[in-house]
Amino acid sequence: IFHPVFPSNAPEDMPGGAKPDGLSVGTFGVPNDSKRTREIAEAVALLRKRGRRVRFLIAGYQANHFLGHNRDLLAPPDTESFDGPTDRQSLRAIRTVDVAVQLRLHALGESSGVVPMLIEAGIPTIVSGIGAFVEFGDAVHQIPADAPPAAIADAILAAAPSGPSPDAMR
């Protein structure tokens with residue numbers, strides 16, 4: 001499947017949304033078990049229990065469905081879903097997060113279209129240290145594929161202030 005990488009310096013008619021106060025965490029793509037979306041949500045819930053103000057954005061096809069089935073963890077207004085965004089809307093959503101979490105439980109030989117977009121936009125990105133994600137090297141923050149929610153939460157906090165190597169991201 002062709003995965004284009006769109007530049008983050010999109011036209012002026014596409015301003016990025018304003019980043020809210022606190023930490024803004026996003027995950028992009030179809031939410032499901034193989035992408036560990038539930039565990040990412042649990043990590044965000046843990047951060048909130050620790051007293052952190054965290055906005056959580058899930059953007060991708062079936063995002064509203066996922067949010068509807070996980071209301072126990074995720075409650076508006078600090079959780080948003082963006083179901084089926086266009087490419088331009090995805091770029092806008094990417095600009096509103098401080099950290100992105102793009103995990104995979106298993107490597108099936110695929111890469112990710114959104115990870116290069118996040119890197120190009122300068123967004124600190126956490127990935128599973130497996131498969132094609134390993135090739136991103138120091139441009140991403142890698143964690144074990146089976147990292148528990150507490151470790152994902154810790155990785156979010158570690159990536160937020162400084163992120164991966166800016167030189168590697170460039």
Side-chain angles (χ1 to χ4, degrees), residues 8-10 14-32 35-60 62-64 66-83 85 89-105 112-129 133 136 138-170:
S8 65
N9 58 348
M14 270 190 63
K19 289 187 180 181
D21 292 335
L23 180 62
S24 183
V25 177
T27 189
F28 301 87
V30 180
N32 58 48
K35 293 184 180 179
R36 309 205 58 220
T37 313
R38 171 91 183 169
E39 288 81 0
I40 297 167
E42 290 172 356
V44 169
L46 276 173
L47 290 172
R48 290 174 177 168
K49 285 180 185 174
R50 293 178 188 171
R52 299 291 303 228
R53 182 162 184 210
V54 182
R55 169 193 174 249
F56 186 42
L57 172 67
I58 303 170
Q62 301 296 318
N64 292 342
F66 177 84
L67 185 61
H69 281 85
N70 291 280
R71 292 267 180 216
D72 58 320
L73 286 175
L74 308 167
D78 292 330
T79 299
E80 301 173 36
S81 63
F82 196 162
D83 204 310
Q89 291 167 330
S90 293
L91 282 171
R92 190 175 307 134
I94 283 170
R95 292 182 188 163
T96 69
V97 300
D98 298 308
V99 177
V101 186
Q102 301 296 127
L103 303 179
R104 295 284 192 283
L105 188 56
S112 169
V114 76
V115 172
M117 292 170 65
L118 289 158
I119 293 170
E120 200 275 334
I123 304 299
T125 303
I126 300 165
V127 300
S128 303
F133 287 151
F136 289 113
D138 292 338
V140 294
H141 184 86
Q142 298 181 33
I143 62 174
D146 61 351
I152 297 169
D154 291 342
I156 290 169
L157 292 178
S162 60
S165 163
D167 289 336
M169 291 177 82
R170 272 192 293 284

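Quick note: residue numbers are just sequence positions, from 1. Since the model is a prediction, treat every value here as computed from it, not as a measurement.
Residues Arg55 and Asp98 form no side-chain contact, since every pair of their non-hydrogen atoms from C-beta on lies 4.5 Å or further apart. In this structure, Leu157 and Arg50 have side chains that are in contact, with non-hydrogen atoms separated by less than 4.5 Å. Residues Thr27 and Phe56 form a side-chain contact, since some pair of their non-hydrogen atoms from C-beta on lies under 4.5 Å apart. Residues Val140 and Phe133 have side chains not in contact (no heavy-atom distance under 4.5 Å, counting atoms from C-beta outward). The side-chain heavy atoms of Phe28 and Leu57, taken from C-beta on, include a pair separated by under 4.5 Å. Side-chain contact between Asp83 and Leu67: absent, with no pair of heavy atoms (C-beta onward) separated by less than 4.5 Å.
Closest non-hydrogen pair, Arg36 versus Asp146, comes out as NH1-C, 3.6 Å. The minimum heavy-atom distance between Ile156 and Ala43, with the atom names listed, is CD1-CB, 4.4 Å.
Note that CG of Asp78 and CZ of Arg48 are 5.0 Å apart. Values are rounded to the nearest 0.5 Å. We find the CD1-CD1 distance between Ile152 and Ile126 to be 8.5 Å, quoted to the nearest 0.5 Å. Taking CD1 of Ile94 as the reference point, atom CD of Glu120 lies at 9.5 Å (rounded to 0.5 Å). Separating the OG atom in Ser81 from the CZ atom in Phe66 is a distance of 10.5 Å, to the nearest 0.5 Å. One distance of note links CZ of Arg95 with OG of Ser90; it measures 11.5 Å at 0.5 Å rounding. Gln102 contributes atom CD, which lies 7.0 Å from atom CD1 of Ile40 (distance to the nearest 0.5 angstrom).
Ser128 and Arg104 are not linked by any side-chain donor-acceptor pair at a separation below 3.5 angstrom, with hydrogens and angles left out of the test.
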Checklist entry - Given the rule in the side chain to side chain contact (heavy atoms under 4.5 Å, CB included) test, do Thr125 and Phe136 qualify, once you have shown the distances and angles that lead to the verdict? => result CA-CA 10 Å; Thr125 303; Phe136 289 113; over 6 Å; no
